[in-house]
Protein chains: 2
Amino acid sequence: MTVSFNKRDPIYLQVMHYFKRLIVSGELLPGEEMPSRRQLANELKINPNTVQRAYSEMEEQRLIHTEPNRPSRITEDPVVLEQLKNEWLKQAMTTFISAIQPLDISLNELVPLLEEKMKTRKKDDK
Amino acid sequence: MTVSFNKRDPIYLQVMHYFKRLIVSGELLPGEEMPSRRQLANELKINPNTVQRAYSEMEEQRLIHTEPNRPSRITEDPVVLEQLKNEWLKQAMTTFISAIQPLDISLNELVPLLEEKMKTRKKDDK
DNA sequence: TCATCTGTATCATGTATATAATACAATTAT
DNA sequence: ATAATTGTATTATATACATGATACAGATGA
């Protein structure tokens, strides 16, 4: 479990983003246990309070569920999970299109560039 | 001159992003005068110090140039301008690909979705 | 049983950001 | 000439975030 934090965004948001990504990709399955606050804080070298903040927000967004004194678990609600994926894709496309807009370039010109960049990325992933 | 600020990112960064976008799109031309710190602060309803911070950073990045007691002007250095555009496109593609990665979707499936979204956006632009 | 783990909560401190209130020298416009 | 505008600079205050140090009740494992 490794996360490379940037210095700009709040850490608790980056932690949330990290877990959302794991859920979206299917690497974290519905019902699966989350690492404990203290354990994750230790692994990521951050403060337990910061992890708690991230978990609290995910709890509010119904992405995880916690019973008293028990480890948190990924939600099994298919509606929540489906919506997460839809929002993820929608967000990615909106951001991309908005960024591209000011450049004088068409989608047709863009596709080969994207293909190229996706290939080189595959290698990096290992 | 209108900017819709989000509450998450520092305002001075959003101001910088706003002007970079104008330069990349060609709406702001090399050598053109920037609005004065006070005037822009008034229009955007933000503090002059925040504008000053944004301008200072853009000056450091050589995007604008300021002579003493004169309005700042967009750089005319073609190298700086070209690099800005290249970085802008590279950044957009990298962010997009990274966001798409966890989703199980190919570029072929994506292109029609992007086309659709770009159309609806054109309308919104006015 | 008892030590250890769980989630939850509070308080103090430091840093980055945004705002507000000024100030000053040099240029520009009237 | 002189009033207004330019960029630049400083100081103080408020807020969000991250950290550190604790604390407590309930569940778990040896």
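Below, all heavy atoms of this structure are taken into account, side chains as well, without hydrogens, waters or symmetry copies.
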(message) Show the nearest heavy-atom pair for residues B/Thr75 and B/Arg62, with the distance to one decimal.
(response) CB-O, 3.3 Å
(request) Considering non-hydrogen atoms only, spot the tightest contact between B/Leu107 and A/Val111 and give its length. (result) CD2-O, 3.8 Å
Name the pairs: protein N/O against N/O of nucleotides 9-13 of chain D, kept only if under 3.5 Å.
none

Which nucleotide, [options], lies nearest any side-chain atom of [X]?
X       : options                : value
A/Arg70 : D/dA27, D/dT6, C/dT17  : D/dA27
B/Tyr12 : D/dT28, C/dT17, C/dA26 : C/dT17
B/Pro10 : D/dT8, C/dA18, C/dA26  : C/dA18
B/Asn47 : C/dA18, D/dG7, C/dA20  : C/dA20

Between [N] atom [atom2] and [X] atom [atom1], what is the distance in whole Å?
X       : N      : atom1 : atom2 : answer
A/Glu67 : D/dG26 : CD    : P     : 16 Å
A/Gln14 : D/dA16 : CD    : C1'   : 15 Å
B/Phe5  : C/dA18 : CZ    : P     : 9 Å
B/Asn6  : C/dA18 : CG    : C1'   : 14 Å
B/Arg8  : C/dA18 : CZ    : P     : 12 Å
A/Ile64 : C/dT6  : CD1   : C1'   : 13 Å
B/Met34 : D/dT6  : CE    : P     : 13 Å
A/Arg37 : D/dC24 : CZ    : P     : 20 Å

(message) Restricting to side-chain hydrogen bond (donor to acceptor under 3.5 Å, both in side chains), what partner residues turn up for A/Thr95, sequence neighbours left out?
(response) A/Gln91
(request) Measure from the side-chain N and O atoms of B/Glu82 to the backbone N and O of B/Val79, and report whether any donor-acceptor pair falls under 3.5 Å. (result) no
(message) Checking the side chain of A/Thr94 only, and the main-chain atoms of A/Lys90 only, is there a donor and an acceptor separated by less than 3.5 Å?
(response) yes
(request) Hey, which sits more toward the 5' end of DNA chain D by its nearest nucleotide, B/Pro48 or A/Lys45? (result) B/Pro48
(message) So, OP1 or OP2 of C/dA18: does either fall under 4.0 Å of a side-chain N or O from B/Arg53?
(response) no
(message) Please determine whether a side-chain nitrogen or oxygen atom of B/Thr50 lies at a distance below 4.0 Å from atom OP1 or OP2 of C/dT19.
(response) yes
(message) Below 30° counts as parallel, above 60° as perpendicular, anything between as tilted: where do the rings of B/Phe19 and B/Tyr55 land?
(response) perpendicular
Who are the side chain to side chain contact (heavy atoms under 4.5 Å, CB included) partners of [X], not counting sequence neighbours?
X       : value
B/Val3  : B/Phe5, B/Tyr18, B/Leu44
A/Glu76 : A/Pro30, A/Arg73
A/Thr66 : A/Arg37, A/Glu59, A/Ser72

Where do N or O atoms of nucleotides 2-5 of chain C meet protein N or O atoms at under 3.5 Å, pair by pair?
none

(message) Within the 4.5 Å heavy-atom criterion, are A/Leu113 and B/Leu89 side-chain neighbours or not?
(response) yes
